[in-house]
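One-based numbering along the sequence shown.
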Amino acid sequence: MASVRLENVRKEYDGGVVAVKDVNVDIKDKEFVVLVGPSGCGKSTTLRMIAGLEEITSGTISIDGVVVNDVAPKDRDIAMVFQNYALYPHMTVYENMAFGLKLRKFPKAEIDQRVREAAQTLNIEDFLQRKPKALSGGQRQRVALGRAIVRKPKVFLFDEPLSNLDAKLRVQMRTEISKLHQRLGATMIYVTHDQTEAMTMGDRIVVMKDGIVQQINTPLNLYHSPRNKFVAGFIGSPAMNFMNGTISNGKGMEFYEKDTGVRLKIKKDDSERLRPYAGKEVWLGMRPEHILDKHAGKNPSFAHAKARVEVVEPMGNEIYVYFTTGSSTQYVARISATEEPEAGRDLEFSFDMSKAHFFDKETENVI
């Protein structure tokens with residue numbers, strides 16, 4: 001396998017449209033890295049530049065220490081798995097998996113060995129003589145994976161490979177791809193717009209927006225220590241709640257939401273770094289699991305506010321409660337399933353201020 005390095009990689013189309021802006025990513029050998037972001041953020045374009053399917057405007061891409069800017073896709077020793085599987089409909093599963101090796105003039109015996117080993121790994125041995133039309137979506141995706149595996153490339157590239165599958169199959173297939181990564185010890189780069197896929201699969205995640213890398217870190221570090229408001233809101237499901245308010249510094253430092261009159265006491269540990277923002281507007285971010293019902297709020301780090309319950313979503317072992325604090329902005333709390341509040345009622349919620357995130361109103365960077 002191999003490392004992959006992107007240095008100041010930029011992609012600009014005719015007309016001055018910039019799709020990717022000076023991306024710097026260093027992917028280690030055998031690492032599973034996920035590029036994630038909303039549609040149009042440049043993640044698929046970045047992947048296609050690594051594959052050689054898009055020319056880069058400037059910068060360098062290196063695979064295993066060798067600059068591949070001018071190397072043809074077929075000579076980069078990469079394998080790509082696409083969203084639409086890209087299987088040949090007139091060929092059997094065996095022929096689809098063997099096709100790339102035949103083009104490269106591999107001996108028949110080696111082709112047969114590689115295809116059957118990959119089929120066994122992916123549990124598709126019984127389908128080798130079937131045509132793609134006789135397979136389910138999940139089986140077709142396994143065949144596409146098998147076609148990549150038999151080549152034993154330096155790098156595997158995945159371009160939203162699970163987006164055409166139903167929810168249950170997506171969960172199953174992302175587990176299969178993670179196990180495949182462990183078995184092969186492969187370098188894998190995976191593109192998705194689904195942050196749940198990113199969180200559950202990646203060793204590290206590259207969060208992108210408008211062609212710019214916002215943050216690169218492990219899933220848990222991104223979740224607990226986002227660099228800015230965009231990363232904080234994009235990573236996590238349900239998404240982080242945001243309140244716009246002012247830092248007031250009277251007897252004790254508070255976050256004051258002007259529209260609703262909600263005041264949340266800021267804990268001492270955060271007071272020092274927020275002191276320069278006294279009298280200024282900031283964003284307060286709070287994860288849904290850190291907003292609790294009043295019975296859980298006995299801890300001194302909790303602040304309290306009354307709110308109107310709008311929607312209740314029972315999820316089995318937990319409940320999502322959507323509520324407003326008097327403004328038109330809706331927030332969501334993730335609470336225990338032991339109690340189910342009623343929509344339309346006013347309840348007191350507790351905000352765990354030891355878990356609060358604060359962001360600069362202008363730059364949206366974390367304070």
Output the distance between atom [atom1] ([X]) and atom [atom2] ([Y]), rounded to the nearest 0.5 Å.
X	Y	atom1	atom2	value
Thr325	Gln330	OG1	CD	11.0 Å
Asn241	Met243	CG	CE	7.0 Å
Met353	Leu264	CE	CG	5.0 Å
Lys355	Phe302	NZ	CZ	9.0 Å
Leu145	Met173	CG	CE	5.0 Å
Asn96	Arg130	CG	CZ	14.5 Å

Do [X] and [Y] meet the criterion of a side-chain donor-acceptor pair at a distance under 3.5 Å?
X	Y	answer
Thr192	Asp194	no
Glu310	Thr324	yes
Glu257	Asn244	no
Glu176	Gln172	no
Gln83	Ser163	yes
Thr92	Gln129	no
Asp159	Ser44	yes
Asp112	Tyr94	yes

Is there a path of hydrophobic side-chain contacts, each under 4.5 Å between heavy atoms of I/L/V/M/F/W/Y residues, joining [Y] to [X]?
X	Y	result
Leu53	Ile56	yes
Leu87	Leu165	yes
Leu128	Leu122	yes
Ile50	Phe82	yes
Leu184	Ile124	yes

Please name the pair of heavy atoms, one in [X] and one in [Y], separated by the smallest distance, quoted to 0.1 Å.
X	Y	value
Phe358	Asp270	CE1-OD2, 4.0 Å
Ala118	Met97	CB-CE, 3.7 Å
Pro219	Asp203	CD-O, 3.5 Å
Pro153	Ala148	CD-O, 3.5 Å
Arg263	Glu254	NH1-OE1, 3.2 Å
Met80	Leu47	CE-CD2, 3.6 Å

Should the pair [X]-[Y] be classified as a salt bridge under the 4.0 Å nitrogen-to-oxygen rule?
X	Y	answer
Lys306	Glu348	no
Arg174	Glu197	no
Arg116	Glu125	no

Applying ring-ring contact (aromatic ring centres under 6.0 Å, His included) as the test, list every pair that has at least one member in residues 9-49; sequence neighbours left out. Phe32-His181, Phe32-Tyr190
So does [Y] get a backbone contact from the side chain of [X], meaning a donor-acceptor N/O pair under 3.5 Å?
X	Y	result
Arg104	Gly100	yes
Lys154	Ser3	no
Arg114	Val150	yes
Arg334	Glu318	no
Arg287	Tyr223	yes
Arg140	Leu135	yes
Lys43	Val36	no
Arg147	Ala86	yes
Arg227	Gln214	yes

Sequence neighbours left out, cut at 3.5 Å: what donor-acceptor pairs do the side chains of residues 67-75 make with other protein atoms?
| unit_1 | atom_1 | unit_2 | atom_2 | d |
| --- | --- | --- | --- | --- |
| Asn69 | OD1 | Ile61 | N | 2.9 |
| Asn69 | ND2 | Gly59 | O | 2.8 |

Met253 vs Arg275, test: side-chain contact (heavy atoms from CB on, under 4.5 Å). Steps then yes/no. CA-CA 8 Å; Met253 193 168 280; Arg275 203 169 301 283; 4.1 Å; yes
Less than 3.5 Å apart, which donor and acceptor atoms pair up between the side chains of residues 17-24 and the rest of the protein, not counting sequence neighbours?
| unit_1 | atom_1 | unit_2 | atom_2 | d |
| --- | --- | --- | --- | --- |
| Asn24 | OD1 | Asn8 | N | 2.9 |
| Asn24 | ND2 | Asn8 | OD1 | 3.2 |
| Asn24 | ND2 | Asp22 | O | 3.3 |

Any chance you could lay out the side-chain contact (heavy atoms from CB on, under 4.5 Å) test for Val9 and Thr46, step after step, and finish with the verdict? CA-CA 8 Å; Val9 172; Thr46 302; 5.9 Å; no
Please tell me if the side chains of Lys102 and Lys108 come closer than 4.5 Å, counting only heavy atoms from C-beta onward. no
Apart from [X] itself, what residues make up its hydrophobic cluster, given side-chain heavy atom links below 4.5 Å?
X	answer
Met315	Val311, Tyr320, Tyr322, Val332
Val366	Met240, Phe242, Trp283, Phe359
Phe99	Tyr88, Met91, Leu103

I'd like to know whether NZ of Lys267 has more than 12 heavy-atom contacts from other residues, nucleotides or ligands below 6.0 angstrom. yes
Would you check, one step at a time, whether the test side-chain contact (heavy atoms from CB on, under 4.5 Å) holds for Lys11 with Met49? CA-CA 9 Å; Lys11 177 62 180 181; Met49 286 192 289; 3.7 Å; yes
Taking the six-membered ring for Trp, are Phe323 and Phe351 parallel (under 30°), tilted (30 to 60°) or perpendicular (over 60°)? perpendicular
Applying side-chain contact (heavy atoms from CB on, under 4.5 Å) to Arg183 and Thr121, what does each step give before you reach the verdict? CA-CA 9 Å; Arg183 281 200 298 267; Thr121 298; 3.3 Å; yes
